[in-house]
K.L.:
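Just dropping this structure here.
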Amino acid sequence: MSESEGVMAGHEALREESPYGIQHKKLGIWLFILSDAVTFASILFAYGYVRVGSTDWTTPFAFSPTIVNGMVMTFVLLASSVTMLGALEAAKNENPSRCLAWLGVTVLLGTLFAVLHIREWLRMIGEGWRLFQNPVGGPALFGATFFSITGLHLGHVIAGIVAILVVAIKYHRRRTDESHVETVGLYWHFVDVVWMFVFPLVYLMNAK
Amino acid sequence: MGKLFAIVVTVIALVSAGLIAAHVWWPPVDISTIGPRIDRQMDETMAATGFLFLSSQLILGYFAWKFSDNKDGRTIRYFPGGPGPLIGLAIVLVGVEILVLSFVGSKVWAAVYMTPAEPDALHVDVAAEQFAFYFRYAGPDGQFGVVHPERVRDGNGNYFGLDPANDVAARDDTIVGTLTVPVNRPVLLTMHSKDVIHSFYVPELRMQQDIVPGLTMPLHFTATRVGKYEIVCTQLCGLGHYSMRSFLEVLPPNQFDQWLKTQSGD
Amino acid sequence: MAATQPRNALGMKSYLAIWVGLLCIVGIEVFLTYRHLSSDRLLLFLLIFAFIEAGIAVMFFMHLKYERPSLFWSLIPALLFVLFMMDHFWPDALRLEHLRVVHW
Amino acid sequence: MNSSAQAVVRHHAPPQGFIRKYVFSVDHKVIGKQYYGLALLAVFIGMVLSWLMRIHLGWAAAHIPLLEKLSPTGAPGNVMTPEYYLSLMTMHATIMVFFVLTTAPFAGFGNYLLPIQVGAEDMAFPRINMMSFWVTFVAFAVLILSFFVGDGPALAGWTSYAPLSSVGAVAGPGQGTGQTLWALSIAIFCVGQLLGSLNFITTTLDLRTKGMSLARMPLSTWAWFVTSVIGLLAFAVLLPACVLLVLDRVAGTSFFNPAGLVVNDQVLPHAGGSPLLWQHLFWFFGHPEVYIAILPGFGIISTILPVFARKRILGYRAVIGCMVSIGFLSYMVWGHHMFVSGMNPFSALLFSVPTLIITIPATIVVLLWLGTLYGAKLRFSTPALFCIGFISVFITGGLSGFFLAQPSLDTYLHATYFVVAHFHFVMAVAAMFGIFAGTYFWFPKMFGRMMNETLGKWHFCLTFVGVYAIFMPMHYLGLAGNVRRYAAFTDNYLIPLIPVHRFITIAALFTGAAQLLFLYNLIWSRFRGPRATDNPWEATTLEWATTSPPPFDNFGGRHLIVYHGPEEYGVESAAGDYVMQTSPEKAAAG
Ligand code: HEA
Ligand code: HEA
Ligand code: CUA
Ligand SMILES: [Cu+2]
């Protein structure tokens, strides 16, 4: 076909506009979040299913230390969302050093969350909780659901910490811009949103 | 090419439909009270889909024959009225069919699976395992002995894990390998699986029910014809799935009582 | 640049306020947990609060409110639809209660 | 300026070196071919497995040469054991459903063509695209590995119902390592497809060239788009399900194992789980999956049919509407696989109604295809034949869905060969015909050479008659109550049906042999076929507006503008009777 037909000469408006008016990576991360939300939903539904199906479900979590610990973790994770927003704000205002500082705080808070979480796991494992074992005499599925749900979430937190670190380093070297901060931020908030379901459903519903 | 395709499609459609219409291969005679209703549902669905099958395949063949590009300068023609009428036709035709079939069908379904068994039904307890069925009759006391999974010993014939030494109700339970029922009397099966999912299927009863471990699966039917029929397992349960079977023996009432007596006698 | 389009999104002050609000909701959740409600009602309340929290976080922290509505309408109904369909699991889960083999 | 536009005006240079170019390539065209190649490899493995199965079903005592070499325990003395039959069946289905029908029409053709059809240089996330293929490849390798583990591949069927699949090796042969590898493989596969779906959606929405509005996208693009939305949500459910299954198997949890299981007089240490939970999770994915398999076929047929009918498709918007509603409804019907599974009987009615309703959009599409044929000037090239064949077999397969969708008939037909006939017609045949049509149609674009028409026509005729001969009699078997997944037929009422099975076996071997014709044609044409012009079929979509095969960035640095929908056939124009999407020429009203 001849070059003149249907071929764009200049560079302006080469594309149809995206229906959402956002960058691909932002749309991509939203889609990922959608599908990940479905993944978490199915595993939470599975938990609900086996729980409804068990007559002797145990509710072993004492206010202290478990629920208190959970509240602290919630506090930390929610705070890390706010610091993440701070990083984005700074990035938008073209203030890289502040952005990096906020990202650093976010990573620290995320790590604190993970540490608190792992500490709790270790304590429970010490008490005899296993994927297949319930030391207080209820269904072993308690351990199975607890560790698999919180484990999946913890995995997401750790992946998020790594992702933020990568973005921060690249940002420091001017290889990424605020849009990457925003993208990783969306993921990080999503991890937070999931926790908003995990905490009541897995912790509070199992409080003594 | 178009003509060849048309002929092939027509032949295939006619032969396929013909073999069905001729009932060369067909469900066996039905022997349950619900059977005739299921069969009627089947016939109606067969007629409706048969009509759709033949008409659409023949139309396809006809179009392939008629509208090939034989370079005769004929201009293309568009379907009169555009897509609207066809969409309307599909919605109305299929819609009506769905309404009718699901209305009638759900009643049949409800009669089998959503209605409890008659109170006077003969209660038979079923255990399925890799790869056999066992049937248990309560005996004169009308009570089943309690099952203890840890007592199951297939070698000793204790398929149900009974404890006759301590459990009075278990002493007169009769356990057999063939499901024997009286004709024209409702039967209630409560089915259990010991290991993996099995399924209870008697084509003549037109009934199938998976037996899920951990659940009590009820199924009730009334057999209307004396005879011996096969019970087969239809849920993949391991290497012996194909050989997992038993028999359903439908006896006249007096013979059935006789049989039950001799069974519990020894 | 369009990437950071939601310029009109809230500032840090509001984020802090929302954060405090979210923590309050968590506080209410914990409070309710120890009010000895029946577990069905507790579940109901916790779910309602969790959805409120998540909604706030998604709308404000994740800026969904400041994107074009098309994004909201593409993502949220899809998710809710899937969640709604998964509720078809319950009739079977509940059935376990009376079909379960106790001592058969 | 719009930033999403800016992001694509990066002129990435063609990669250098064999590895970057052909192995770990980020070029969507290479990835598409890789997927296609994987599917081709998989389909022939799957087909050989089906031959072995068929031979065993016809002649259970048959000696199958060399089988003992493949599995000394599965086929001692070259005679297949029942458990090995089931393993082969499981592998046959898993390979076919996951690694052929998801990879070829969706990931394969989709990757190759979707960016070109919307006028993009590449996918939105080329690296993620590359990962998606290699993850899928690993999944395939893991699955194939299970042929070589001690107790053989999994035998629990492609549905892997718990507890058979979840209690571990105590459940019998094949339920050890093989089943674990199966679950792992599928979990990995899900990740790959999730990455792919994400990419497809973003590409379709964000990378359309100027003028390519949503309402001007070819129907194949629409189909891949709808399919990827389905995939994004469906694979997200199978993934955790498989992870839980793996946990049950290796970590001693009991999500799917209830209390009181007794195997060999031993009570297993499980409690609390539910086998039905697995079925729900599996079919929540499983039913959308079957539409993931067929919708690309819908799209391919709807795109190709007008090219050979030389007229626009009847009801372009209606076809889109139907595909979207099928996608939507596909999430509401999964319970129809579980009518007799012990599910709440009330739910059965609840699932039956949407299942019946889903036949309405399917019927509309079929009628629109028929309406498109009406008054056409059909050119019977091979792709056209496969399109028409597709319509025929899809009708046949879809109509048996009508029976199965009614719980009251499913109590009789469930788990019989009627179901086997149903799904082979819709997916083993209809979806395959979609792949065949696509292959014959796009081969010139992908490889720059035409395929041989004579061989293609022979291939069509033999396959068309062959598949009817294989799968039509399965309906009769099902009506007679022939149970599926049986390694041999020893029940009294099944013995008279064995001759039918023998007929099917012969037909299957014959049809399979006809596929070698296709393979030969593919290889021969790849190297010896006549050179293809840029637009050999006189089609209108964008892939035909570039060279065959397209250059690295698809359009050689040009940025196309689109002026029309893809349906300008049967019009008076400079080119003859069609107007390319890139041609500013006004199409005469049609
Ligand atoms: C590509 C795959 C595919 C497709 C498209 C479909 C399409 C449909 N399927 Fe199928 N199905 C499977 C793959 C597929 N299925 C598989 C793999 C299984 C078994 C899994 C297993 O157990 O291993 C299965 C099993 C299955 C079952 C469970 C059976 C059982 O196990 O007991 C049911 C029950 O409702 C069902 C129903 C349907 C229906 C109603 C459709 C509908 O979408 C069909 C719609 C199409 C039509 C209705 C034809 C349209 C044409 C006309 C009507 C012509 C009109 C002409 C004129 C008016 C002139 N399917
Ligand atoms: C896409 C899916 C697919 C395909 C193509 C096939 C193809 C075939 N299948 Fe399969 N089959 C299944 C999916 C498929 N099957 C599934 C899901 C099951 C259920 C398993 C279970 O119960 O768990 C099953 C089960 C099954 C059974 C029942 C087993 C049982 O219940 O005991 C039988 C029995 O005859 C059978 C036979 C065949 C035969 C003879 C062929 C073929 O040989 C037909 C001839 C070949 C073709 C028509 C086309 C081949 C295509 C090409 C050569 C090229 C394509 C090009 C590319 C991909 C690039 N299959
Ligand atoms: Cu028991 Cu199949
Ligand atoms: Cu389905």
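Each chain gets a letter, A, B and so on, in the order the sequences are listed, and its residues count up from 1.
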K.L.:
Which atom names give the shortest non-hydrogen contact between D:A251 and A:F132, and what distance separates them?
P.N.:
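Closest approach of D:A251 to A:F132, heavy atoms only: O-CD2, 3.0 Å.
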K.L.:
Mind checking the OG1-CD spacing from D:T209 to A:E16? Nearest 0.5 Å is all I need.
P.N.:
8.0 Å
K.L.:
Where is the tightest heavy-atom contact between D:A271 and A:L141, given as atom of each residue plus distance?
P.N.:
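The answer is O-CD1, 3.7 Å.
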K.L.:
If you measure from NZ on D:K210 to CG on A:L14, what distance do you get to the nearest 0.5 Å?
P.N.:
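Answer rounded to 0.5 Å: 9.0 Å.
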K.L.:
If the contact rule is any heavy atom under 4.5 Å from chain A, which residues of residues 279-286 of chain D qualify, in numerical order?
P.N.:
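D:H280, D:L281, listed by number.
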K.L.:
Side chain, backbone, both or neither: which part of A:Y49 has a non-hydrogen atom closer than 4.5 Å to chain D?
P.N.:
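When you check distances to chain D, only side chain atoms of A:Y49 fall under 4.5 Å.
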K.L.:
Below 4.5 Å from any heavy atom of chain A, which atoms of D:L198 appear? Answer side chain, backbone, both or neither.
P.N.:
both
K.L.:
Quick check: closest heavy atoms across A:R15 and D:E121, and the distance to 0.1 Å?
P.N.:
NH2-N, 4.3 Å
K.L.:
Do A:F32 and D:L232 have side chains that approach each other closer than 4.5 Å (heavy atoms only, starting at C-beta)?
P.N.:
no
K.L.:
If you take all heavy atoms of A:E17 and D:R208, which pair is closest and at what distance?
P.N.:
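It is O-NH2, 3.9 Å.
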K.L.:
Assess whether atom CZ of A:R123 is packed by more than 12 heavy atoms of other residues, nucleotides or ligands within 6.0 Å.
P.N.:
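It does: A:R123 CZ has more than 12 such atoms within range.
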K.L.:
To the nearest 0.5 Å, what is the distance between CZ on D:F200 and CG on A:L31?
P.N.:
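Output value for this atom pair is 13.5 Å.
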K.L.:
May I ask you to test the D:F125-A:K25 pair for a side-chain heavy-atom distance under 4.5 Å?
P.N.:
yes
K.L.:
In chain order, what residues pass the ring pair (Phe, Tyr, Trp, His ring centres under 6.0 Å) check against A:F142, with sequence neighbours excluded?
P.N.:
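For A:F142, the residues satisfying ring pair (Phe, Tyr, Trp, His ring centres under 6.0 Å) (neighbours in sequence not counted) are A:W57, A:F61, A:W129.
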K.L.:
Using a 4.5 Å heavy-atom cutoff, which residues in residues 184-208 of chain A come close to chain D?
P.N.:
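From residues 184-208 of chain A, none sit under 4.5 Å of chain D.
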K.L.:
With a 4.5 angstrom heavy-atom cut-off, could you sort out which part of D:L277 is near chain A: side chain, backbone, both or neither?
P.N.:
both
K.L.:
Just to be sure I understand the criterion: a residue of residues 33-47 of chain A counts if one of its heavy atoms is under 4.5 Å from a heavy atom of chain D. Which ones qualify?
P.N.:
A:L34, A:S35, A:V38, A:T39, A:S42, A:I43, A:A46
K.L.:
Decide if atom CZ of A:R130 counts as having more than 12 heavy atoms of other residues, nucleotides or ligands within a radius under 6.0 Å.
P.N.:
yes
K.L.:
Measure D:L276 against the heavy atoms of chain A and call it side chain, backbone, both or neither at under 4.5 Å.
P.N.:
both
K.L.:
Would you give the length of the straight line joining atom CG of D:D206 to atom OH of A:Y20, rounded to the nearest 0.5 angstrom?
P.N.:
9.0 Å
K.L.:
Can you tell me which portion of D:L205 sits under 4.5 Å from chain A's heavy atoms? Options are side chain, backbone, both or neither.
P.N.:
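Interface part for D:L205: both.
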K.L.:
Measure distances from D:T203 to the heavy atoms of chain A and classify the residue's part below 4.5 Å as side chain, backbone, both or neither.
P.N.:
neither
